[in-house]
Amino acid sequence: MRDAVSMSEPIYNDGGDTIYLSEQIADNKNKLSVDTSLMLKDALNNLKEKERFIIYKRYFEGITQMELSEEIGISQAQISRIEKNGLETLKKLMK
């Protein structure tokens, strides 16, 4: 028997990039529609190469900013800025 764990319980923290339990549990009710999925694919293809790579690694593979900074060889702050710019561009492209 295990104790109950809060969904907002942090399960990983690498010094600025906290991952919560609720972010790691699949929610099949909120799957993207085919139209939204196609729009997202198209928008991702219109990002700069580095933005697309970072967003893919962060949101599709679950890689942390610190892991990416080590892999690419740039600072975590630079990863954060590139990710933020890429997400802003995605929002604009999907409107």
Side-chain angles (χ1 to χ4, degrees):
M1 199 77 182
R2 292 186 179 199
D3 293 332
V5 178
S6 170
M7 294 293 287
S8 58
E9 180 77 22
I11 58 172
Y12 180 80
N13 185 337
D14 67 357
D17 194 24
T18 303
I19 298 175
Y20 297 95
L21 179 60
S22 61
E23 297 172 338
Q24 299 301 306
I25 297 175
D27 182 3
N28 294 330
K29 294 178 186 174
N30 290 324
K31 291 206 179 225
L32 296 176
S33 70
V34 173
D35 290 341
T36 303
S37 181
L38 291 172
M39 284 177 58
L40 178 58
K41 183 178 179 182
D42 188 47
L44 284 166
N45 286 330
N46 284 297
L47 293 178
K48 295 176 184 173
E49 184 177 344
K50 193 173 275 189
E51 290 173 341
R52 181 174 49 249
F53 177 79
I54 288 171
I55 289 173
Y56 181 80
K57 289 286 197 171
R58 293 277 294 129
Y59 295 95
F60 293 91
E61 293 185 12
I63 305 296
T64 66
Q65 289 181 353
M66 286 303 294
E67 291 169 329
L68 272 170
S69 71
E70 292 170 7
E71 181 178 334
I72 296 174
I74 61 176
S75 72
Q76 180 271 327
Q78 289 173 298
I79 295 288
S80 181
R81 282 192 293 276
I82 294 167
E83 180 182 346
K84 181 180 177 183
N85 290 338
L87 291 173
E88 289 297 321
T89 302
L90 279 178
K91 287 178 190 176
K92 291 175 187 173
L93 291 170
M94 292 187 66
K95 283 189 176 182

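Numbers here simply count residues along the sequence, with the first being 1.
- Between the CE atom of M66 and the OG atom of S75 there is a distance of 9.0 Å, given to the nearest 0.5 Å.
- Between the CD atom in E83 and the NZ atom in K57 there is a gap of 14.0 Å [rounded to 0.5 Å].
- Within the structure, ring-ring contact (aromatic ring centres under 6.0 Å, His included) contacts touching residues 58-95 (residues at least two apart or in different chains) are Y56-F60.
- By the rule that hydrophobic residues join a cluster once side-chain heavy atoms approach within less than 4.5 Å of another member, I74 and L68 end up as members of one cluster.
- Across all non-hydrogen atoms, the minimal contact from T36 to M94 is O-CE, 4.0 Å.
- Note on L44: it does not cluster hydrophobically with F53, by side-chain heavy-atom contacts below 4.5 Å among ILVMFWY residues.
- Summarising the geometry of K50 relative to I82, their closest heavy-atom pair is CD-CD1, 3.5 Å, with the distance given to 0.1 Å.
- Using a 4.5 Å heavy-atom threshold, the side chains of E49 and R52 count as touching.
- Not counting sequence neighbours, the partners of N46 by the side chain to side chain contact (heavy atoms under 4.5 Å, CB included) test are D42, L93.
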*Which is it for K91 and E88 under the salt bridge (charged side-chain N to carboxylate O under 4.0 Å, His left out) test, yes or no, and what are the steps along the way?*
CA-CA 5 Å; K91 287 178 190 176; E88 289 297 321; 3.6 Å; yes
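- Note that CD of Q78 is 9.5 Å distant from CD1 of I72, once rounded to the nearest 0.5 Å.
- How far OG of S80 is from CD1 of I54: 9.5 Å, rounded to the nearest 0.5 Å.
- To the nearest 0.5 angstrom, I55 atom CD1 is 7.5 Å from T89 atom OG1.
- Put simply, CD1 on I79 and OG1 on T64 are 9.5 Å apart, with the number rounded to the nearest 0.5 Å.
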